Asker: 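Quick one: this structure, given as structure tokens, is what I'll be asking you about.
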Amino acid sequence: MRIFSGIQPTGRKHLGNYIGAIRQYVGGQERAAAAGDVAIYCIVDLHATTVQYDPAVLRERLYDTTAILLAAGLDPERCILFRQGDVPEHTELCWLLCSVTALGELSRMHQFRDKSVAQRELVSAGLLFYPVLQAADVLAYRAVEVPVGEDQREHLELMRDVATRFNARFGGGRDILVVPEHRIPAVGARIMDLQDPTRKMSTTGSSEEGTVYVLDEPGAIEKKMRRAVTDSDDPPAIRRGDDKPGVTNLIDILAACSARTPEEVVASLADARGYGDLKAAAAAAVVEELRPVRERFAELRPDERLLEQTLAAGAEQARALAGATLSEVREAMGVGPPR
Ligand code: AQP
């Protein structure tokens with residue numbers, strides 16, 4: 001069972017990225033190996049160019065993200081970790097897949113609509129084509145499973161449509177591309193902003209106070225968790241529910257960071273005096289979850305040469321796999337000389 005996922009090197013990685021995606025990546029290494037296959041993880045620098053950005057900052061963030069992934073437990077001996085821009089097969093496949101992607105579907109994507117509103121100077125065509133490049137990322141490796149957070153569900157559906165349409169149009173009775181499944185974590189698929197728990201915790205749309213960063217110091221985490229918005233129920237009720245987004249978010253964070261179910265967390269807080277106890281327990285669990293990652297990051301991040309070597313070795317492995325898919329796609333589409 002082949003696993004693939006990508007993560008942007010934008011901004012500072014937050015608790016939502018960590019629980020929704022990064023932790024799943026780490027577990028994926030074992031599961032893919034147990035099935036005799038490999039997990040492939042890509043830092044998608046090309047995706048990051050679809051909104052306003054500073055080229056020098058992008059490089060810094062790329063190294064930050066690489067070091068965070070390694071610190072969280074990705075092992076280049078057990079997975080393929082690489083930078084998207086090092087594997088040109090992604091962009092070529094993106095172009096070829098455009099022929100089986102409906103413009104109307106792209107323009108209806110939530111992420112395109114939300115992010116295009118936020119672009120003041122230019123709404124780039126890249127922002128519109130983002131999901132096609134994302135489809136190429138996954139389909140190039142014939143991945144079966146894509147670990148992502150809940151916010152990527154729509155893009156995954158589009159990717160599945162693109163693969164199905166490609167096979168029907170060009171496959172000649174064969175499934176040249178694999179239609180992937182998404183893997184969304186049972187708890188923590190959508191971590192919410194601590195200050196506005198009706199919105200997802202996000203790199204671009206969240207406030208500093210509402211966002212716990214993977215590299216935050218314990219004091220900063222405790223402060224943000226202590227100030228998390230809950231509700232004014234009197235007496236306070238520690239339970240999950242659509243009417244209680246702030247409390248639900250804290251319960252989910254605590255469950256995800258203490259390897260328990262939300263129900264077990266609620267039961268463990270049956271004698272709590274109020275939301276303060278929930279916040280303190282959640283803060284302690286997040287601090288302990290992120291502590292080893294922050295400490296290991298501090299060791300790894302300064303050696304940019306080693307990070308580059310790791311990415312280059314990963315890109316070489318990735319190119320061998322993506323190149324094989326691409327040559328079949330080109331052949332099926334009648335592009336370039338016959339094989
Ligand atoms: N709040 C979240 N809860 C759970 N999972 C989340 N993810 C993002 N936010 C949450 C998951 O993190 C993975 C990597 O995301 P990304 O960095 O590639 O960018 P994104 O999905 O666009 O999310 P961000 O970081 O919040 O950025 P912006 O503000 O640009 O949207 C993905 O698997 C995602 O599902």
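Counting begins at 1 with the first residue of the sequence. Quick caveat, the model's predicted, so the values are computed rather than measured. Both ligands and their constituent atoms are indexed starting at 1 by order of listing.
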Asker: Out of Gln24, Arg2, Arg31, which one pairs with Glu145 under the side chain to side chain donor-acceptor pair (under 3.5 Å) rule?
Answerer: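 Single pass found, and it is Arg31.
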Asker: Would you call the rings of His90 and Phe4 parallel, tilted or perpendicular if under 30° counts as parallel and over 60° as perpendicular?
Answerer: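 Rings of His90 and Phe4: tilted, 30 to 60°.
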Asker: List the steps, then state whether side-chain hydrogen bond (donor to acceptor under 3.5 Å, both in side chains) holds for Arg165 with Thr101.
Answerer: CA-CA 8 Å; Arg165 213 174 284 138; Thr101 307; 5.5 Å; no
Asker: Find out whether Arg294 and Pro218 are in side-chain contact, i.e. whether some heavy atom of one side chain is under 4.5 Å from a heavy atom of the other.
Answerer: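 Of all side-chain heavy-atom pairs linking Pro218 with Arg294, at least one is under 4.5 Å.
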Asker: Quick one: salt bridge (Lys or Arg N to Asp or Glu O under 4.0 Å) partners of Asp175, sequence neighbours excluded?
Answerer: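 In terms of salt bridge (Lys or Arg N to Asp or Glu O under 4.0 Å), with neighbours along the sequence ignored, Asp175 is linked to no residue.
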Asker: Are the charged groups of Arg240 and Glu263 less than 4.0 angstrom apart, N to O?
Answerer: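 Salt bridge absent between Arg240 and Glu263.
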Asker: Run through ligand 1 for me and note each protein residue having a heavy atom under 4.0 Å from it, chain first, then residue number.
Answerer: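 Shell around ligand 1 (4.0 Å, heavy atoms): Ile7, Gln8, Lys13, His14, Gly16, Asn17, Gly20, Ala21, Lys115, Val148, Gly149, Asp151, Gln152, Gly188, Ala189, Arg190, Ile191, Lys200, Met201, Ser202, Thr203, Thr204.
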